[in-house]
Structures are given as C-alpha cells and as structure tokens.
K.L.:
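Have a look at this one.
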Amino acid sequence: MRWFWIDRFVEFVHADRASAIKNVTLAEEPLDDYLPGYPHYPHSLIVEGVAQTGGLLVAEIDEYLQRVVLAKINKASFEKLIIAGDQLKISVVIQDIQPAGAIVSATVTCDGQPQAELEMAFAFLGEKFGSTPLFPPQDLLRTLRTLRLYDVAVDKEGRRLTPPKRLLDAEAAITKL
C-alpha cells in the first residue's frame, strides 16, 4: 500500500505551481499514535504532503519520465498544531529548475490562516541509481486521476492538460488483459 498525504489537487499549472487539499480526520492512525492522549497531525506528514505535491509538479514537467526524489528540506517552519477536522491547503511554486533537479517553495494554510512555510530541493535520479521507474505507469496514472490532477491541470496559457500518451498506453495494455 502506498501512503498519500494529499487528498486532491485544486490547482495545477504546468512547470509553475500547484495546490492540494489535505483533510485531517480522526480515522487517521498518525493522529492517535504520534502523541498518545493529544491527537494531532504530525509536522512530518505535512512535510510529506508538500513533498508529494511538489514532486508531482516537478515530475509532470517532462511527463513523469524523470525519477524525482526529495533531496533536501532547506526550510520548514510551523505555526500551530493541526487537529482532526482541520483542512490544509498546500500551495507549491517552482523557484528554479536545473538539469539535476528543482527547488520549490511552499505555504500551508489551515482555514485560511498560515500554518507552515517550506522550501525543498528535488533531485532527478540518474542512471547510476538504476533505470526502473519509481511507479509503474498505469499505477501512476490511476493515482493522478484519484488525486483529480487532470480535472484542474492546465498549461501556462490555461489550456487543459491531458495524461501523457505513455501512461495512457500502459493503462490500455493492462485493461486488455
């Protein structure tokens, strides 16, 4: 099972920015297990939600062909604890992209109030780390659809983005079986 720390995308602009929502509920084990007796959403999982949002934004630039991994957290500051019933909005902006990776900045709000500010560096894994994709293409496409990325994804001119042909072909091959 894969763990996803965002629930859906609400904005996605190719090579620029993305926003995602995370609804925090009592049904999540980390709320009970992280600090028994005082259930709250750990900051580490907020960082992971930002990393997932930013990582997908960076990976989409070249149609998910690069293997993108979180390399460094340059900055992370938090304002308050998040509890069940809160909704987080994660907003990520690409600050710089180079052949070896990218830097993103992020803000997280809770009910419109500042919750966190982060800056992260992502690296593109080269061939010396192997060539196996991090996710099978059909699984990646299913995840992107579940997160409703293609419901909101546009290019910088506002034209709707569609899934890359490579992902669609992998999905079609599986459904023919």
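Positions are given from 1 along the sequence.
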K.L.:
Is Met120 close to Val47 at the side-chain level, that is, under 4.5 Å between some pair of heavy atoms?
P.N.:
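Yes, their side chains come closer than 4.5 Å.
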K.L.:
Is there a donor-acceptor pair under 3.5 Å between the side chain of Thr143 and the backbone N or O of Asp139?
P.N.:
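Flag set: sc Thr143 to bb Asp139 pair under 3.5 Å.
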K.L.:
Tell me which one of Arg142, Arg145, Arg166, Lys165 satisfies salt bridge (charged side-chain N to carboxylate O under 4.0 Å, His left out) with Glu171.
P.N.:
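It is Arg145, the one option of Arg142, Arg145, Arg166, Lys165 that forms the salt bridge (charged side-chain N to carboxylate O under 4.0 Å, His left out) with Glu171.
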K.L.:
To the nearest 0.5 Å, tell me how far Ser91 OG sits from Leu118 CG.
P.N.:
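If I round to the nearest 0.5 Å, the distance is 11.5 Å.
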K.L.:
Near Lys72 NZ, under 6.0 Å, is it more than 12 heavy atoms from other residues, nucleotides or ligands?
P.N.:
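Open.
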K.L.:
Do you know which two heavy atoms are closest between Glu48 and Trp5, and how far apart they sit?
P.N.:
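So the minimum-distance heavy-atom pair works out to CG-CD1, 3.0 Å.
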K.L.:
Please identify which of these residues, Glu157, Glu60, Arg159, meets the side-chain contact (heavy atoms from CB on, under 4.5 Å) condition with His14.
P.N.:
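Checked Glu157, Glu60, Arg159 against His14; only one passes side-chain contact (heavy atoms from CB on, under 4.5 Å): Glu60.
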K.L.:
Assess whether atom CG of Leu168 is packed by more than 12 heavy atoms of other residues, nucleotides or ligands within 6.0 Å.
P.N.:
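Buried by this count: over 12 neighbours within 6.0 Å.
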K.L.:
Would you say Pro163 and Leu144 make side-chain contact, with heavy atoms under 4.5 Å?
P.N.:
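Heavy-atom side-chain distance check fails, nothing below 4.5 Å.
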K.L.:
Heavy-atom distance under 4.5 Å between the side chains of Asp7 and Lys22, does that happen here?
P.N.:
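Of all side-chain heavy-atom pairs linking Lys22 with Asp7, at least one is under 4.5 Å.
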K.L.:
Quick check: closest heavy atoms across Asp155 and Val13, and the distance to 0.1 Å?
P.N.:
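Looking at all heavy atoms of both residues, the shortest contact is O-CG1, 4.0 Å.
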K.L.:
Flag the pair Ile82 / Val108 as yes when at least one side-chain heavy-atom distance between them is below 4.5 Å, and no otherwise.
P.N.:
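Ile82 does not reach Val108 side chain to side chain.
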K.L.:
With no hydrogens and no angle check, is any side-chain donor or acceptor of Gln115 less than 3.5 Å from a backbone partner on Lys80?
P.N.:
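At least one qualifying donor-acceptor pair exists.
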K.L.:
Considering all heavy atoms of both residues, which atom of Leu70 and which atom of Ala51 are nearest to each other, and what is their separation?
P.N.:
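That would be CD2-CB, 4.1 Å.
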K.L.:
Return the minimal non-hydrogen interatomic distance between Ile90 and Gly49, and the atom names on each side.
P.N.:
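Nearest heavy atoms, Ile90 then Gly49: CD1-C, 3.8 Å.
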K.L.:
In Å and rounded to the nearest 0.5 Å, what is the CG to OG1 distance from Leu88 to Thr109?
P.N.:
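If I round to the nearest 0.5 Å, the distance is 7.5 Å.
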K.L.:
Could you tell me whether the side chain of Asp86 reaches within less than 4.5 Å of the side chain of Asp111, counting heavy atoms only?
P.N.:
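Heavy-atom side-chain distance check passes, below 4.5 Å.
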K.L.:
So does Arg67 have more than 12 non-hydrogen atoms from other groups sitting under 6.0 Å from CZ?
P.N.:
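Atom CZ in Arg67 is packed in, count exceeds 12.
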K.L.:
Between Leu141 and Tyr64, is any pair of side-chain heavy atoms under 4.5 Å apart?
P.N.:
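A side-chain contact is absent here, since even the closest heavy-atom pair is not under 4.5 Å.
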K.L.:
Does Ile83 reach the side chain of Val24, with side-chain heavy atoms less than 4.5 Å apart?
P.N.:
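Not touching, per the 4.5 Å side-chain cut-off.
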K.L.:
Can you find a heavy atom in the side chain of Arg148 that is under 4.5 Å from one in the side chain of Val10?
P.N.:
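Arg148 vs Val10: side chains apart.
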K.L.:
If you compare all heavy atoms of Gly54 against all heavy atoms of Val92, which two are closest, and at what distance to 0.1 Å?
P.N.:
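For Gly54 versus Val92, the nearest heavy atoms are CA-CG1, 3.8 Å.
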K.L.:
Grab the two heavy atoms, one from Gln98 and one from Phe124, that are nearest each other, plus how far apart they are.
P.N.:
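So the two residues come closest at O-CE1, 3.4 Å.
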